[in-house]
Amino acid sequence: DEEQAKKLRQDAIADLQTAEKALPKTRPEPWAQLAWLYETDGQPAKAVEAATKAHERTPKGSLATLFHLALRYANERNYTVASTALQAMVKADASQVASAIRAEKDPTAAAVALTWAVTPLLEAQQAVPARECLAAIVASKPQSVDPWNNYALVCRETQKFDEAFDAYQQALLIEPDSARLHNDAGVILHYYLHRDYDKAQEFYEKAVELADAGLANKDLDTAARAQL
């Protein structure tokens, strides 16, 4: 039964903790097994910690376990733990994050879920780590505005204005009829990059045109109008 299974897991955890102390500190196996046991035992933070330690002992190895944990806990809305796993991956090898996202059955859904995992960093005003995580996510070229828009916002906050403008352009390829995105792209050119003022004006005019068309659409609900 479940009670017996839990006791067996806890015994296995205790045995592995003992083995880890006895083995050379270069061996990843105890931590890799502990990551699985902690996950199975419903201890998310310890699972991520163990997976991180396992990878630290195989620095050129796969980040598959950390990615699995980050995505699982992001989908379960445990964003604090998911964020920890995501940051560990980015620190180890950001390119593997994009590759892992692209390998998913639904890469965009994975990218959006991991974008939510950046929330604790944004709430803690840790803009640079947030930008680094989002950069790894958008490198997978998600077909959703959310990762690109969040990346643009944090790039603007950290004075990476060219990257912010590029992100808005990518977002506009996905939602070309977004008045808000046109306006934000114009703002970056006009007030932050101080260049291409004619282009900025075009963005502003398009934003006004799209907003007016949206407001004239009687079928739009209140929430949709607020996004204009």
Side-chain angles (χ1 to χ4, degrees), residues 48 52 63 66-67 70-71 73-74 79-102 107-108 110-211 226-228:
V48 170
T52 302
L63 291 169
L66 276 169
F67 181 80
L71 191 55
Y73 295 130
Y79 299 131
T80 299
V81 174
S83 177
T84 301
L86 178 59
Q87 289 179 80
M89 286 190 290
V90 170
K91 181 180 178 181
D93 185 355
S95 67
Q96 282 199 49
V97 177
S99 297
I101 292 172
R102 287 193 292 266
T108 292
V112 171
L114 291 174
T115 296
W116 279 101
V118 182
T119 303
L121 295 174
L122 297 173
E123 291 176 344
Q125 298 184 332
Q126 296 181 30
V128 172
R131 187 190 70 218
E132 292 170 348
C133 289
L134 287 165
I137 293 168
V138 300
S140 69
K141 303 297 182 184
Q143 293 302 300
S144 168
V145 165
D146 290 345
W148 292 108
N149 186 57
N150 285 2
Y151 181 53
L153 290 171
V154 79
C155 282
R156 181 165 67 178
E157 185 176 342
T158 55
Q159 301 185 41
K160 298 290 184 179
F161 302 129
D162 283 303
E163 290 87 340
F165 181 64
D166 290 343
Y168 281 129
Q169 288 188 299
Q170 290 294 325
L172 281 165
L173 291 175
I174 300 167
E175 286 190 15
D177 294 332
S178 169
R180 176 175 53 82
L181 290 174
H182 279 280
N183 182 74
D184 289 346
V187 167
I188 289 291
L189 281 180
H190 186 181
Y191 292 103
Y192 295 92
L193 290 172
H194 305 289
R195 69 167 195 245
D196 299 327
Y197 293 112
D198 290 344
K199 183 66 175 175
Q201 183 65 28
E202 291 177 14
F203 278 120
Y204 288 144
E205 290 174 357
K206 186 65 174 178
V208 171
E209 175 189 333
L210 290 167
Q227 295 299 314
L228 295 174

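All heavy atoms count here, side chains included; hydrogens, waters and symmetry mates do not. Given the structure is predicted, the values throughout are model-derived calculations rather than measurements.
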#### Entry: Smallest separation among heavy atoms of Ala98 and Ala136, with atom names
CB-O, 3.7 Å
## Note on the structure
Heavy atoms of Ile188 and Phe161 approach each other most closely as CG2-O, 3.7 Å
### Query
Roughly how far, to the nearest 0.5 Å, is CG of Leu122 from CG of Asn150?
6.5 Å
### Query
Do Ile137 and Leu86 have side chains that get closer than 4.5 Å, going by heavy atoms?
yes
### Query
Under 3.5 Å, is there a donor-acceptor pair between the Gln87 and Ser83 side chains?
yes
### Query
Distance from Leu173 atom CG to Lys141 atom NZ, nearest 0.5 Å?
9.5 Å
### Message
Can you confirm whether Thr115 sits close enough to Tyr151 that some side-chain heavy atom of one is under 4.5 Å from a side-chain heavy atom of the other?
### Response
no
## Note on the structure
Tightest non-hydrogen contact, residues Ala82 and Ala74, listed as CB-N, 3.5 Å
### Within-4.5 Å side-chain heavy-atom neighbours: Tyr204 and His190
yes
#### Entry: Candidate list Lys206, Glu202, Glu209, test side chain to side chain contact (heavy atoms under 4.5 Å, CB included), partner His182, passing option
Lys206
## Note on the structure
Rounding to 0.5 Å, atoms CG (Leu172) and CG (Leu181) come to a distance of 5.0 Å
## Note on the structure
Partner of Val128 under side chain to side chain contact (heavy atoms under 4.5 Å, CB included), picked from Thr158, Leu121, Val154, is Thr158
### Message
Using every non-hydrogen atom in the two residues, find where Val48 and Leu66 come nearest and quote the distance to one decimal.
### Response
O-CD2, 4.0 Å
### Between CZ on residue Arg180 and CG on residue Asn183, distance to nearest 0.5 Å
10.0 Å
#### Entry: Pro142 side chain near Pro147 side chain, heavy-atom distance below 4.5 Å
yes
### Task
Without swapping roles, check the side chain of Gln96 against the backbone of Leu63 for a donor-acceptor pair under 3.5 Å.
yes
### Query
Tyr168 pairs by side chain to side chain contact (heavy atoms under 4.5 Å, CB included) with which of Val187, Leu153, Leu189, Val145?
Leu153
### Summary
Nearest heavy-atom contact between Arg156 and Ala164 is N-CB, 4.0 Å
### Query
SG/Cys133 to CD/Gln126 distance, rounded to the nearest 0.5 angstrom?
10.0 Å
### Carboxylate-amine/guanidinium contact Arg195 Asp162, below 4.0 Å
yes
### Query
Minimum heavy-atom separation for Val97 to Met89, with atom names?
CG2-CB, 3.7 Å
### Task
Taking the side chain as every heavy atom from C-beta outward, state whether Thr119 and Glu123 have any atom pair closer than 4.5 Å.
yes
### Query
Has the side chain of Thr84 got a donor or acceptor atom that lies under 3.5 Å from a matching backbone atom of Thr80?
yes
### Query
Parallel, tilted or perpendicular: which describes the rings of Phe203 and Phe165, with under 30° parallel and over 60° perpendicular?
perpendicular
### Query
Can you tell if the side chain of Arg131 reaches within under 4.5 Å of the side chain of Lys160, non-hydrogen atoms only?
yes
#### Entry: Atom pair CD/CG of Gln201 and Asp196 - distance to nearest 0.5 Å
13.0 Å
